[in-house]
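Here is how names work: the chains are called A, B, and so on, in the same order as the sequence lines, proteins then strands, and each is numbered from 1.
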Amino acid sequence: MSSFIKIVDLVKTFRGRGFGAAGKLSFTAVDRVNLNIEKNTIFGLVGESGCGKTTLSRALLFLDPPTSGEINIGGTDLGKLSSRRLREFRRKVQIVFQDPNSALNPKMSIENSIKEGLNNIGYEKRLVNTRVDELLNLVGITPSHKSRYPHEFSGGQKQRVVIARALSVEPDFLILDEPVSNLDVSIQAQIINLLLELKDKLSLTFLFISHDLNLVSYLSDRIAVMYKGQIVETAPAEIIMEKPIHPYTLKLFSSIPGLSPIDEESGEEVFHVEKEGYSKGLPDGRVFYLSEQDKAPEMLEIAEGHFVACYNSILPV
Amino acid sequence: MNGSILEIKDLKISFGTGEKKASAVRGIDLDVMKGEIHSLVGESGSGKTVTSTCVMGLLPEPPAIIESGTIKYKDLELLSLTAEERRKTRGKEIAMVFQEPSKYLNPAMKVGEQITEMLRLHLGMNHSEALKRAIEILDLVGLGGNTRVLSSYPHELSGGMKQRVMIGIAICCNPSLLIADEPTTALDVTLQLQILKLIMKLRRKLGMGILFISHDLAVVHDISDRVSVIYAGRIVESGSRADIFESPRHPYTRLLLASIPDAAKRGRKLAAISGRVPDAEHFPPGCAFHPRCPLAEDGCSQAQPEMEKIREGHSAACFCLSKEWTE
């Protein structure tokens, strides 16, 4: 199957501000990322805060243009588009953020928020109103409430409006950046069910970014684990859950809460991400290197569709 | 003596009066035994933080009104103490760890001073004794061998370190009761696990009772001895960890557990609870869960169900406990 989204050697570097030495300092937030996302699948991206998940998603949309690398979505090379064409192209790729409060304009009724996108793409004027009703129905909000303002809705409803607005321009690809982290537990399931339903109905492709491993392992087809700007392992979801290879993946998945009561005696090793870069020995003798001096290991395909970047991985026979 | 260090009976707390009156807590019974982790789980607005700040004596009155109830700590009736007496118990006998360490540490004060301040005020130690004890405490919370921490300001520490420091400040006077209000919500999973382990280790070493407040059922599952589920200001189900997670009885608990995504539920639709979490000004009459409950009958909106004993230590408040159904 051919990939719908192809990311090749994507790098995003932030330059330090100021003159002299300060201006020369740079920070590589996303480091040579290669990813392929197939059509109509959910690609889960996990990692701890600060590892570059959100930077990657923003670079993917050219909201923060990447420093180098290639992004190809549905056959279009985004780097080669003029800024006007790029804006037109963005209707195919939409993003849903974590906090619906800051994603919706508080001074605009939800109807106007949704209409804005439709007007931008030159949607036929006389059809706009019907389209808004249709979208609100799609996400489960009564269309008669459309003249209300964001503060009149609950968090879950606001997130539904944000999803409706993202879908208004008929995208093929949706980036979901922690879409349920801000919601109450009993509301999260509603939104997740809605997203899954919409994906099937509209044959969408999702990039699902989250730090909630339980959630990502529930809905993803493929999972990529990101650590300090690099993808360290990527594989189909079942495989990465059953047979993780990279020590960091192991560590991450063994930290998932809710599996078993905590054994307070087991490995109290400190797992800090310190600035100086480090190599950390793990109990089973494996080591993983990710320091600024050492060149990071290359991605290896160790089984079909299972890629790992680690020097000391024990390859399955 | 039954070994309980905290006993809350029929606690009712409201805010405002007249039309705007919001009954945040509507009759809660809760106890924490010595050396036990008792979790209070609920969604936002369910009254968990109001309850815990009330136990701490940090609830501003007004606007809050404690309508009725007793909070017994060991043999002390906390609600009848004077403000000065409360202040003396706070930090020394009952300590609290909050969700966001960066908000509760003084940004303009070195970490070392923040720890020794507690020791000097509550235990009357002099400077050098306090400093010695502060080093021991850092060791206890896993920042040992790192005297640099003592002379750091909070902004120089990482999130996990800050949370360790805050736990250190909380435990430095050997409190008998620790209230942990969402202590790991702001942390990443790997750090979360470390902090949870630390809390469990300290519980065993110091024999504290812990009231663990959280909205995260997965975390609660991993850490608790006993669990109480709170909805709209009332406890709806209470029992041991096994009771709540293996044989939950209240429809809210059952649906909540079924709605949490995890790998085992792949390919299946999650059970979602319809509707929204009610706010304290508009709690529905009768059983507050009835508008969202799949089992609701006519009677549910009329009267409030009382806690009913299912077996020793496990009880739930629902009229429909005997009904058979699936999520």
Side-chain angles (χ1 to χ4, degrees), chain A residues 46-51 140 153-157 180 182-194 196-197 210-221 237-238 241-242 248 251-275, chain B residues 41-46 142-143 158-161 184 186-194 196-204 215-225 231 241 245 252 255-256 258-277 279 292:
Chain A
V46 294
E48 293 177 67
S49 51
C51 73
F153 293 96
S154 68
Q157 287 174 313
V180 297
N182 259 9
L183 304 176
D184 266 312
V185 191
S186 72
I187 307 298
Q188 285 190 5
Q190 290 177 13
I191 299 292
I192 294 162
N193 284 342
L194 172 71
L196 292 178
E197 201 181 292
S210 183
H211 67 277
D212 184 341
L213 292 163
N214 278 321
L215 176 55
V216 170
S217 26
Y218 165 71
L219 49 69
S220 308
D221 297 303
E238 295 87 0
M241 285 181 293
E242 279 164 28
Y248 181 69
K251 180 81 196 174
L252 203 59
F253 279 82
S254 63
S255 307
I256 300 185
L259 295 179
S260 57
I262 289 174
D263 176 8
E264 53 179 290
E265 299 299 332
S266 71
E268 243 275 334
E269 97 256 44
V270 178
F271 198 75
H272 272 306
V273 181
E274 295 289 357
K275 274 212 177 84
Chain B
V41 225
E43 298 178 83
S44 53
S46 59
L143 292 172
S158 70
M161 286 165 93
T184 61
L187 303 175
D188 281 314
V189 278
T190 48
L191 276 174
Q192 170 169 283
L193 184 66
Q194 288 177 27
L196 294 177
K197 277 184 182 172
L198 174 66
I199 290 176
M200 296 188 80
K201 189 181 93 185
L202 292 172
R203 184 260 312 242
R204 184 173 45 80
H215 73 280
D216 189 338
L217 280 158
V219 168
V220 166
H221 170 265
D222 289 358
I223 188 167
S224 318
D225 298 316
Y231 186 79
R241 168 173 50 206
F245 287 94
Y252 177 63
L255 282 169
L256 210 53
S259 74
I260 299 173
D262 63 42
K265 297 192 184 106
R266 275 175 74 84
R268 275 186 290 150
K269 210 173 164 214
L270 295 174
I273 307 179
S274 61
R276 56 194 277 188
V277 185
D279 61 63
R292 306 174 76 188

Residue pair E43(B) / V185(A): nearest heavy atoms and the distance that separates them: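 For E43(B) versus V185(A), the nearest heavy atoms are OE1-N, 3.7 Å.
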Which pair of heavy atoms, one from D222(B) and one from I256(A), lies closest together, and at what distance?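 Heavy atoms only, the tightest pair is OD2-O, 4.3 Å.
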With a 4.5 angstrom heavy-atom cut-off, is it the side chain or the backbone of A271(B) that approaches chain A, or both, or neither?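 A271(B) touches chain A through backbone heavy atoms alone.
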Can you say whether R268(B) sits under 4.5 Å from chain A via the side chain, the backbone, both, or neither, judging by heavy atoms?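 Interface part for R268(B): backbone (N, CA, C, O).
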Between [X] and [Y], is any pair of side-chain heavy atoms under 4.5 Å apart?
| X | Y | value |
| --- | --- | --- |
| Y218(A) | I260(B) | no |
| Q192(B) | P257(A) | yes |
| L256(B) | S186(A) | yes |

Heavy atoms only, distances under 4.5 angstrom: which of E197(A), Q190(A), Q188(A) has the most pairs with chain B? Name it, please.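 Most pairs with chain B among the choices: Q190(A).
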Can any side-chain N or O of R266(B) pair as donor or acceptor with the backbone N or O of L219(A) at less than 3.5 Å?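 It does not hold such a pair.
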Less than 4.5 Å to any heavy atom of chain B: does that hold for the side chain of [X], its backbone, both, or neither?
| X | answer |
| --- | --- |
| D184(A) | both |
| I191(A) | neither |
| I192(A) | side chain |

Starting at CG of D188(B), measure out to OG of S255(A) and round the result to the nearest 0.5 Å.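 D188(B) CG to S255(A) OG: 10.0 Å, rounded to 0.5 Å.
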